[in-house]
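Here is how names work: the chains are called A, B, and so on, in the same order as the sequence lines, proteins then strands, and each is numbered from 1.
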There are 4 protein chains.
Amino acid sequence: MAGSMNKVIIIGRVGQDPKVSYTSSGQAVANFSVATDEGYRDRQTGQKVERTEWHRVVAWRQQAEFVNNYIGKGRLVLVEGKLQTRKWQGQDGQDRYTTEIVADNIQGLDRNPEGQQPGQQQGGYQQQGGYQQNNNYQQSRPQNGNYRQQNNQPPQPEDEDLGPAFPSEASGMDDVPF
Amino acid sequence: MAGSMNKVIIIGRVGQDPKVSYTSSGQAVANFSVATDEGYRDRQTGQKVERTEWHRVVAWRQQAEFVNNYIGKGRLVLVEGKLQTRKWQGQDGQDRYTTEIVADNIQGLDRNPEGQQPGQQQGGYQQQGGYQQNNNYQQSRPQNGNYRQQNNQPPQPEDEDLGPAFPSEASGMDDVPF
Amino acid sequence: MAGSMNKVIIIGRVGQDPKVSYTSSGQAVANFSVATDEGYRDRQTGQKVERTEWHRVVAWRQQAEFVNNYIGKGRLVLVEGKLQTRKWQGQDGQDRYTTEIVADNIQGLDRNPEGQQPGQQQGGYQQQGGYQQNNNYQQSRPQNGNYRQQNNQPPQPEDEDLGPAFPSEASGMDDVPF
Amino acid sequence: MAGSMNKVIIIGRVGQDPKVSYTSSGQAVANFSVATDEGYRDRQTGQKVERTEWHRVVAWRQQAEFVNNYIGKGRLVLVEGKLQTRKWQGQDGQDRYTTEIVADNIQGLDRNPEGQQPGQQQGGYQQQGGYQQNNNYQQSRPQNGNYRQQNNQPPQPEDEDLGPAFPSEASGMDDVPF
DNA sequence: TTTT
DNA sequence: TTTT
């Protein structure tokens, strides 16, 4: 613990609306991806090249609620956190590893595209609504516990606080890590 | 490129002596892992728990030479860099992803255990010797280009600058990501 | 140099249009201030309090030119750099110290309020025009060398690369450091 | 508060034993300075030059107690915190400004020179003893409240949480800011 | 998958 | 795989 630091700071665009779910103990957890861009000059051609790097972000509890309410696809965000590599089992039974940024500070840097004010809860019947696409999240997907039973691939860590559900590899992603 | 940041700062212990190799174009590349520790209090038991996180680090050119000469197993190091996720093919032909810290600043924070001075090159016949375990690296392992032919799993990226050789999965690691 | 780090990262709003000048050797230097906000809960009253912190930023050469062209009052900016404390002589002959962030990375995080494109130079006769308020900077203020003679308070460091002109204390600022 | 970041990370050597005191409400506060080194190549001569930068650090409460117990002159430390500029009145009645790093994370990176274990309190009659030079701190210096009356230069901020006592300019420091 |  |  002493003589140790694990710190990440990224600024970039959110790729898709965050997925927000709740553990069986009621902890909110949000997952989303952020793209950072880097311009560099190719050593061979001398051409300027733009390169995009994608980062998986996980937020828990209050941070997850904030994400649920204010962060959506396309927003410019600041994420500060730490690196964490999770192990999970592929469908072939082999171990896989996924590195994520566990956020402890998330901020929107551009204007909220839906005009919501930070700290202001959306009205209406929905409890954790915010960005519309998240509203039906729990309906369009089985309960967290059930999800694990129905599709134990990729699995949840035994300790619910160790990590959120990993996006299914069956969901059609092929050329990107997440 | 604007409105973008991708920054990582870690301080921790080097797990094994770095692997240093050279691309076919003569670029030095070093790979090593760093452990960071985090103490936290378990929410269930209230007990203090120590948790270790492992980080893969890649260094190129001058940084790789520095690593080769001065960084060895057990050293406390500062690594500053950016996150990069590489795609490679598993033996089963499936895509895998590995996230690494591409270092642009590496420093030893404790005293050099072999008494070498930074900036001071080891004498003798060996060219990039430093930490002894690295000396025979190129002998104990096939040439970079051959390596890829003999064992195309995991493969090198086509662009040699995109990533170093990935540690073989056949090398007996089972429970750790690298 | 080893075992050393001096790193600052701030995100905030630019307080006034940057002052850009040129040293006698032709080096561009930009000075501006950035406000960061911090919300905290007062320990006595339990009330939420907003607190603003002002940071002096100095940028040199290419960074200064970028500032001159794209950064103006009110913009949300990211500044990455290092801390540096400069010594200068007050009118009373006593030593004063000013701490600044010497920037090595400056980015605008909101939309450029004047519609300029990064990397795109403004047309017209003016050489380093950009934000209009900077255009006449060198006219509204004496030459760098003269400035020091006319008003040796606060003075320029002898080495022109050590620091830019310090804002005059006679300029009406009273409750803020700059 | 949103769209704002104020972050500093330094690694360097502690210049003198920290000064630890207590506010009238019993809050511990520690003040010390840290040197960071930077090597660069002089643009005129082409010579390598080493430059030392000094940073004032302030720590409160638990961090101050940790400093009191484990941090002394010469130690290599990591300090993470935020920048804060305090205003105070010089003996001439003029405003002065001092920029400090308000620490929220302090770690010793080398071995504790007095063999103390972190978390282990020194035995004996002294309450917050640790580094010996701090033991008599409260005796060698008047009470915080009295100190301000006897020597209102430089003064304490009215709100005790805004900042610790500033080192007297009469104390013989001439060429360094603190 | 984002965005300029 | 590190280290305290």
remark   = Correct closest heavy-atom pair for A/R75 and A/Y70 would be NH1-O, 2.9 Å
ask   = Out of E/dT3, F/dT1, F/dT2, which nucleotide sits closest to the side chain of B/S33?
value = F/dT1
task = Whole angstrom is fine here: how far is it from CZ in B/R75 over to C1' in F/dT2?
result = 13 Å
ask   = To the nearest angstrom, how far is A/M5 atom CE from F/dT3 atom P?
value = 22 Å
Spacing of A/L78 atom CG relative to E/dT2 atom P, expressed in whole Å = 21 Å
task = Among the candidates F/dT1, E/dT2, F/dT3, find the nucleotide nearest to the side-chain atoms of A/K73.
result = E/dT2
D/L109 CG to F/dT2 P, straight-line distance once rounded to whole Å = 21 Å
ask   = Who pairs with D/Q63 by side-chain contact (heavy atoms from CB on, under 4.5 Å), at least two apart in sequence or on another chain?
value = D/A59, D/I106
ask   = Do B/T98 and B/W88 have a side chain donor and acceptor closer than 3.5 Å?
value = yes
key: Nearest-nucleotide pick for A/A35, side chain only, options being E/dT2, F/dT3, F/dT1   = E/dT2
request  = Using atom CZ of A/R13 as one end and atom C1' of E/dT3 as the other, report the distance to the nearest whole Å.
outcome  = 5 Å
message = Can you measure A/E50 atom CD to E/dT3 atom P for me and round it to whole angstrom units?
response = 14 Å
query = Can you list the residues that meet the side-chain contact (heavy atoms from CB on, under 4.5 Å) rule with C/N105, with sequence neighbours excluded?
reply = B/M5, C/L78, C/E80, C/Q107
query = Just how far, in rounded Å, is C1' of F/dT4 from OH of D/Y70?
reply = 13 Å
base_contact_polar (E/dT1 base, A/T52 side chain, donor-acceptor, <3.5 Å) = no
message = Measure CG/A/L76 against C1'/E/dT2 and give the value in whole Å, please.
response = 10 Å
